[in-house]
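Everything below concerns the one structure shown next.
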Number of protein chains: 2
Amino acid sequence: MKLSQGVEWGAHCAVTLARVEPGLSLSRRTLAERYALPEAYLAKHLKAMVNAGLLHATTGPNGGFRLAKRPEDITMLDVVEAIEGPVPRFVCQEIRQRGTAGLAPEDCVARCGVDSAMEAAKEAWRESLRGVTVAALVARLPPAARGPVTP
Amino acid sequence: MKLSQGVEWGAHCAVTLARVEPGLSLSRRTLAERYALPEAYLAKHLKAMVNAGLLHATTGPNGGFRLAKRPEDITMLDVVEAIEGPVPRFVCQEIRQRGTAGLAPEDCVARCGVDSAMEAAKEAWRESLRGVTVAALVARLPPAARGPVTP
DNA sequence: GCACATCTACTCGGATAGAGAATGTCCGAGTCTCTGGGG
DNA sequence: CCCCAGAGACTCGGACATTCTCTATCCGAGTAGATGTGC
């Protein structure tokens, strides 16, 4: 249940990008300096968000990153899964069927109870993250930090 | 959001131990063979559950592990936190206050929205795990695997 | 036959290597903009 | 004054080290029970 560091960075960057005027972009250098983060490493997470279709990247002067979708259509779950990769399903190795206590396959038609419980918990977690959009996070910023961001 | 391997092992072992006659114990060797797991490594997780107060260990012949509490009083959350360690709080490093976009401390009295969202999701996850007890998992076993376990 | 000291075998516990992922960093490919010259 | 070619600087993208956690393993400390002996 360890959560990678970059998730926080990605989330904050998404919130910041949501405040940029349409048509403009923020370079990864600007974003990194904005939060005093290591630029080269932040780039890796931004790229992951590009691959996931959350951000759009343009090169050259005045290039950078911008949101690829509306802030209302980007959830925290999108950000987390973009950076962490698709959440690996709880790997129930079906140890029920192994070893000296191995159950017969016909006793395993119902899913392993441990697996079910972990899966349900993970789904609750995902559902909670799915309910928070980037737009909602922008709305919750303090008034002093809600204005447009310029490159 | 990676979940350590040993959680599944610990959970299955707890379910098995709940089926042992009171007063008896299962050695880690027996438990390991039961699921074809590496004994030495399983020992580490069992020890963690002992330290967490879920299991009780006795040495010598006929020794081993037994539940330290009633199966109804042990939840999946207990097992997970015993093995994974106390779930590290989402480390919001308050990057809001750093870098060129650093907010003034007076604008940060309300908790960071990203942090709040992650915290709420984690709590939903914990709440889901809290609702499943070892006793409930035993009850959901197939009938053929619900009888008492002998050392 | 019974009690006791010893001895064995079995148990857990902590200290010790190896693999994989996350973290952190660097340099190269591509592109937009600006500048200078020519018509 | 307008257009065009070139250079320059800025951007992202992928390949390369480093650190930390998880995985896996071994050997030693301690204890309950079995055993053999003496009374």
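None of the values given here were measured: they were computed from a predicted structure. Naming: A, B, ... by sequence-line order, numbering from 1 per chain.
- Annotation: the span from B/K44 atom NZ to B/L42 atom CG amounts to 12.0 Å, rounded to 0.5 Å.
- In A/R29, the CZ atom is not crowded: 12 or fewer heavy atoms of neighbouring residues, nucleotides or ligands sit closer than 6.0 Å.
- A pairwise comparison of heavy atoms in B/R28 and B/F65 identifies CB-CE1, 3.8 Å as the closest pair.
- When the P atom of D/dA32 is taken as reference, atom CZ of B/R66 falls 12 Å away, rounded to whole Å.
- Residue B/L37 contributes atom CG, which lies 16 Å from atom C1' of D/dC22 at whole-angstrom precision.
- Partner A/L17 forms a side chain to side chain contact (heavy atoms under 4.5 Å, CB included) with one of A/V149, A/V134, A/L67 and no other, that one being A/L67.
- Under the 3.5 Å distance criterion, the side-chain polar atoms of A/E8 are left unmatched by any main-chain donor or acceptor of B/V114.
- In this structure, the CD1 atom of B/I83 is 16 Å from the C1' atom of D/dT21, given to the nearest Å.
- Judged purely by atom type and a 3.5 angstrom limit, A/R66 has no side-chain atom pairing as donor or acceptor with the backbone of A/H56.
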Would you tabulate the pairs of protein nitrogen or oxygen atoms and nucleotide nitrogen or oxygen atoms of nucleotides 22-27 of chain C closer than 3.5 angstrom?
from	atom 1	to	atom 2	distance (Å)
C/dT23	OP1	A/Q5	N	2.9
C/dT23	OP2	A/Y41	OH	2.9
C/dT23	O5'	A/Y41	OH	3.0
C/dG24	O6	A/K44	NZ	3.0

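- Going from atom CG of A/L24 over to atom P of C/dT33 covers 12 Å, rounded to whole Å.
- Here C/dG30 presents its C1' atom at 16 Å from NZ of A/K47, a figure rounded to the nearest Å.
- Only A/A57, A/T58, A/T59, A/G60, A/G64, A/F65, listed by number, bring a heavy atom of residues 52-65 of chain A to less than 4.0 angstrom from any atom of DNA chain D.
- Residue A/A11 comes nearest to A/V79 through the heavy atom pair N-CG1, 3.8 Å, listed as atom of the first residue, atom of the second, then distance.
- As a whole-Å value, the separation of A/L46 CG from D/dT11 P is 13 Å.
- Using a 4.0 Å cut-off between a side-chain N of Lys or Arg and a carboxylate O of Asp or Glu, B/R130 and B/E81 do not qualify as a salt bridge.
- For the pair A/L26 CG and D/dC10 C1', the interatomic distance rounds to 15 Å; values are reported in whole Å.
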